[in-house]
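Worksheet: one structure, shown below.
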Amino acid sequence: MEDDLLVHYWQLPEDLFVSLKDEFHNKLCNEVQAFTGHNFKNCFYKVLNCPKWHAERLFTKFNRMTIKELEILREYANISKEEVEINFDSIGNHEDGTIIKNPKLPFHLKDIFYVASHLMFDGCFRPKEGCYFLCFGDGMLEYHKNRLKIFGDVPNNYIEKEHQLYFSYTIGYIASKVLEIPDFKSLKVFLSEKFKNLTKQHKILLDEFVKAMIIDEGTVNDRIRIELGDNERFIR
């Protein structure tokens, strides 16, 4: 059952950019060269059907490759997914500021639920721009920083006067795509069918959602009180 909660790299959005550890990257290059019989730095073009200049940049690690490109090369070189996963060096979107170094793959769904839930209640996710959590108090700031480390070396920046902890857009992007939530804006967000079905199957995921709701939107005295915005679909 625990394996059902793991998210491997091949289950992530295929347009994410990745890099491999140098030794393993060289192994992949050598395998492709051997199978194609094309001993040049642009040998990837024979497998990816891409321009030679692009193939050479992937070969030399001048550019990162997408998960889609990696999977095509991996299958061609007959290397297992498991061997590839333990040799990731980085993962991210196109912008340098989104790159997560030393990603701790596979990710766990409860951590993805943690991110998605806080983005829904007291966070912000702007496609191709960035995302942040609101953090009031040192305890909350440290809590988020420590939890984000679960994904690897996640770049982040705290804007104290705004109480905003900005972090890698890649994390929000993964949460959005894996859980099929197209918009985290408070007046537009809703729980996708995938999100709801997973919480019904796994209490540990529901716990993350409820915890985020109480932390971000609740007060706890003799009872718990939750205040939500004017989004009837989300409240239902």
Side-chain angles (χ1 to χ4, degrees), residues 7 12-13 16 91-93 95-101 103-104 107-192 194-196 198-199 204-236:
V7 180
L12 297 175
L16 286 176
I91 187 170
N93 291 86
E95 301 81 3
D96 289 345
T98 70
I99 296 175
I100 301 167
K101 295 182 178 180
K104 297 178 181 179
F107 298 141
H108 198 290
L109 261 179
K110 71 181 179 64
D111 299 314
I112 295 175
F113 263 75
Y114 146 75
V115 171
S117 298
H118 281 285
L119 287 177
M120 290 179 194
F121 292 119
D122 215 353
C124 178
F125 175 75
R126 294 180 295 227
K128 298 183 180 180
E129 292 186 29
C131 51
Y132 64 78
F133 294 144
L134 286 177
C135 298
F136 295 94
D138 292 340
M140 197 72 257
L141 178 60
E142 289 306 306
Y143 170 74
H144 282 308
K145 283 187 174 181
N146 287 332
R147 288 218 59 176
L148 290 171
K149 288 179 182 177
I150 293 172
F151 293 96
D153 299 334
V154 178
N156 61 79
N157 181 39
Y158 182 58
I159 309 299
E160 186 172 5
K161 65 179 180 179
E162 303 293 340
H163 304 287
Q164 295 172 346
L165 176 64
Y166 282 85
F167 56 94
S168 170
Y169 169 80
T170 297
I171 299 296
Y173 184 72
I174 289 173
S176 173
K177 295 300 183 181
V178 169
L179 299 179
E180 299 175 1
I181 300 174
D183 200 325
F184 286 100
K185 293 179 182 177
S186 60
L187 296 180
K188 294 183 178 181
V189 69
F190 61 89
L191 304 184
S192 67
K194 185 173 183 179
F195 189 101
K196 289 187 286 188
L198 284 168
T199 57
I204 190 174
L205 304 180
L206 178 60
D207 288 347
E208 289 293 338
F209 180 73
V210 173
K211 182 164 61 176
M213 181 168 57
I214 295 173
I215 289 172
D216 292 340
E217 307 292 354
T219 56
V220 181
N221 295 306
D222 58 328
R223 59 183 178 178
I224 298 173
R225 175 189 174 95
I226 305 294
E227 295 185 8
L228 297 175
D230 187 20
N231 182 342
E232 184 175 354
R233 181 179 182 181
F234 184 49
I235 293 171
R236 285 180 181 275

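All values below were derived from every heavy atom in this structure, side-chain atoms included, with hydrogens, water molecules and symmetry-related copies excluded. Note that the structure is a prediction, hence the values are computed from the model and not measured.
Considering only residues two or more places apart in sequence or on other chains, Asn93 meets the side chain to side chain contact (heavy atoms under 4.5 Å, CB included) condition with Leu16, Glu95, Thr98, Tyr169, Thr170, Tyr173. For Asp183, there are no side-chain hydrogen bond (donor to acceptor under 3.5 Å, both in side chains) partners, not counting sequence neighbours. The ring pair (Phe, Tyr, Trp, His ring centres under 6.0 Å) search around Phe184 returns Phe125, not counting sequence neighbours. Scored by the ring pair (Phe, Tyr, Trp, His ring centres under 6.0 Å) test, Phe209 finds Phe121, Phe195 as partners (sequence neighbours excluded).
Annotation: salt bridge (Lys or Arg N to Asp or Glu O under 4.0 Å) contacts involving residues 110-126, sequence neighbours excluded, comprise Asp111-Arg147, Arg126-Glu129.
For an aromatic pair to be called close, the ring centres must be under 6.0 Å apart, and Phe133 with Phe167 satisfies this.
A donor-acceptor contact shorter than 3.5 Å is absent between the side chain of Lys101 and the backbone of Val154. Put simply, the side chain of Ser117 gets close to the backbone of Phe113: a donor and an acceptor are under 3.5 Å apart.
At least one side-chain heavy atom of Ile215 sits under 4.5 Å from a side-chain heavy atom of Met140. By the 4.5 Å heavy-atom criterion applied to side chains, Cys124 and Cys131 are not counted as neighbours. Residues Leu119 and Val189 have side chains not in contact (no heavy-atom distance under 4.5 Å, counting atoms from C-beta outward).
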Listed pairs under 3.5 Å, donor-acceptor, residues 219-227 side chains, sequence neighbours left out:
{"residue": "Arg225", "atom": "NE", "partner": "Glu227", "partner atom": "OE2", "Å": "3.1"}

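When each of Tyr158, Tyr114, Phe151, Tyr166 is tested with His144 by the rule ring pair (Phe, Tyr, Trp, His ring centres under 6.0 Å), just one qualifies, namely Tyr114.
Put simply, NZ on Lys149 and CD1 on Ile100 are 14.5 Å apart, with the number rounded to the nearest 0.5 Å.
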